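Just so it is clear, the structure is predicted and the values come from calculations on it, not from any experiment. Per chain, numbering begins at 1; letters A, B, ... match sequence-line order. All values below come from the heavy atoms of this structure, side chains included, with hydrogens, waters and symmetry mates left out.
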Amino acid sequence: MLNTRITDVKDINLDHVFQCGQCFRWDKVDDDIYIGVVKGVFAKITLKGDLLDIDATGNLNWNEYLDLDRDYGEIKAELFKSEESMKEALEYGYGIRILNQDLWEVLVSFIISQNNNIPRIRGCVEKLSEKFGDEIYEYDGKKYYSFPDAAAIAKLDIADLDDIKLGYRARYIIDAAKQYQMESCDCDLEQATNWLISFNGIGPKVANCILLFGMGFHSAFPIDVWVKRIMKEMFNLVGDKSINEFAKMKFGEYGGFAQQYLFYYFREKKI
DNA sequence: TTCCAGGTGGCAT
DNA sequence: ATGCCACATGGA
């Protein structure tokens, strides 16, 4: 195991990072200790005060993955300045960081997320990895697997996914794997959006999640059932178009951060 | 039993 | 361009 120690970390709370709904493969094993698999690497992350200790089976740029080089204090200050009613959400999710995740894993995970709930999404992603990923490590009697790459999924028959219980999304995932193998997108926000929408099973909401969590477009503002409730409740806004315009005007480049603080706060409080 | 979950595609206006 | 509705699955 490789150990990485990162000192003087700020604005981070592991529960907020891993339970705010952006990722599906991290498990809490104790207070401020999580284990998970990232980009083929098994890792155990421990936070002690402002010290981050990471034991991992391989090399990974943890500063990048955990977005540690970004000043979240500044982001929260800016969001509060532009919208003071964000105060409670910003304080509640004070330790959120938007992870820089693997694009392919995010793409598949959020195809699965449509019309689905988080525990079941997690289960599907886990089963996909167990069945089609590579065994990486055994921890506390449990085996951990990498997320299968597009090539591994592309060669499957639809029936191979029966055990995963993806429902009608199984077809989308196999099609996505085939398309993803042939296409890539090193491009701007508009081109990336169009590229994502062109996948069967990816619409505007899922596309925005992928833009935000897998492609580093932090202005992306995913609008799901929760955000719709929040926008109605806080700003009496209805309809994707008006919500989009509001987010763009109000939060601008920080739209994705704002969305995540709001989503996490309201979903946890079940307002 | 019915409703809901980080929605989307297809089809009808 | 906009408005319905079916779609798999499992928990409440």
Tell me which nucleotide among [options] gets nearest to the side chain of [X].
{"X": "A/Q114", "options": "C/dT2, B/dG9, B/dG7", "result": "B/dG7"}
{"X": "A/R120", "options": "C/dT2, B/dG7, C/dT9", "result": "C/dT9"}
{"X": "A/R169", "options": "B/dC4, C/dA8, C/dT9", "result": "C/dA8"}
{"X": "A/V225", "options": "B/dG7, C/dT9, B/dC4", "result": "B/dG7"}
{"X": "A/K165", "options": "B/dA5, C/dG10, B/dG9", "result": "C/dG10"}

Check: Hey, is the side chain of A/Y168 pairing donor to acceptor with the base of B/dG9 inside 3.5 Å?
Finding: no
Tell me whether the centres of the aromatic rings in [X] and [Y] are closer together than 6.0 Å.
{"X": "A/F110", "Y": "A/F213", "result": "yes"}
{"X": "A/Y265", "Y": "A/Y92", "result": "yes"}
{"X": "A/H218", "Y": "A/F257", "result": "yes"}

Find the distance [X]:[atom1] to [N]:[atom2] and express it as a whole number of Å.
{"X": "A/N116", "N": "C/dG11", "atom1": "CG", "atom2": "C1'", "value": "11 Å"}
{"X": "A/L166", "N": "C/dC7", "atom1": "CG", "atom2": "C1'", "value": "14 Å"}
{"X": "A/I210", "N": "B/dG7", "atom1": "CD1", "atom2": "P", "value": "13 Å"}
{"X": "A/Y172", "N": "B/dG7", "atom1": "OH", "atom2": "P", "value": "13 Å"}
{"X": "A/I111", "N": "B/dT8", "atom1": "CD1", "atom2": "P", "value": "10 Å"}
{"X": "A/D163", "N": "C/dT9", "atom1": "CG", "atom2": "C1'", "value": "14 Å"}
{"X": "A/N117", "N": "C/dT9", "atom1": "CG", "atom2": "P", "value": "14 Å"}
{"X": "A/I112", "N": "C/dA8", "atom1": "CD1", "atom2": "C1'", "value": "13 Å"}

Check: Does a donor on one side chain and an acceptor on the other come within less than 3.5 Å for A/Y34 and A/D27?
Finding: no
The answer to which of A/I118 and A/I202 contacts DNA chain B further toward the 5' end, by nearest nucleotide, is A/I118
Taking for A/I121 and for A/G201 the nucleotide of DNA chain B with the nearest heavy atom, the one nearer the 5' end belongs to A/I121
Next item on the list: Would you please test A/E126 and A/K142 for salt bridge (charged side-chain N to carboxylate O under 4.0 Å, His left out) and show each step?
Entry: CA-CA 12 Å; A/E126 166 118 3; A/K142 187 168 156 34; 2.8 Å; yes
Note: A/K10-A/D50 ion pair, threshold 4.0 Å (strictly below):
no
Base, sugar-phosphate alone, or nothing: which one does [X] contact when heavy atoms must sit under 4.0 Å apart?
{"X": "A/K228", "result": "nothing"}
{"X": "A/P204", "result": "sugar-phosphate"}
{"X": "A/C20", "result": "base"}
{"X": "A/F199", "result": "sugar-phosphate"}

Practice problem: Using the P atoms only, state how far C/dG10 lies from B/dG9, rounded to an integer number of Å. | Solution: 23 Å
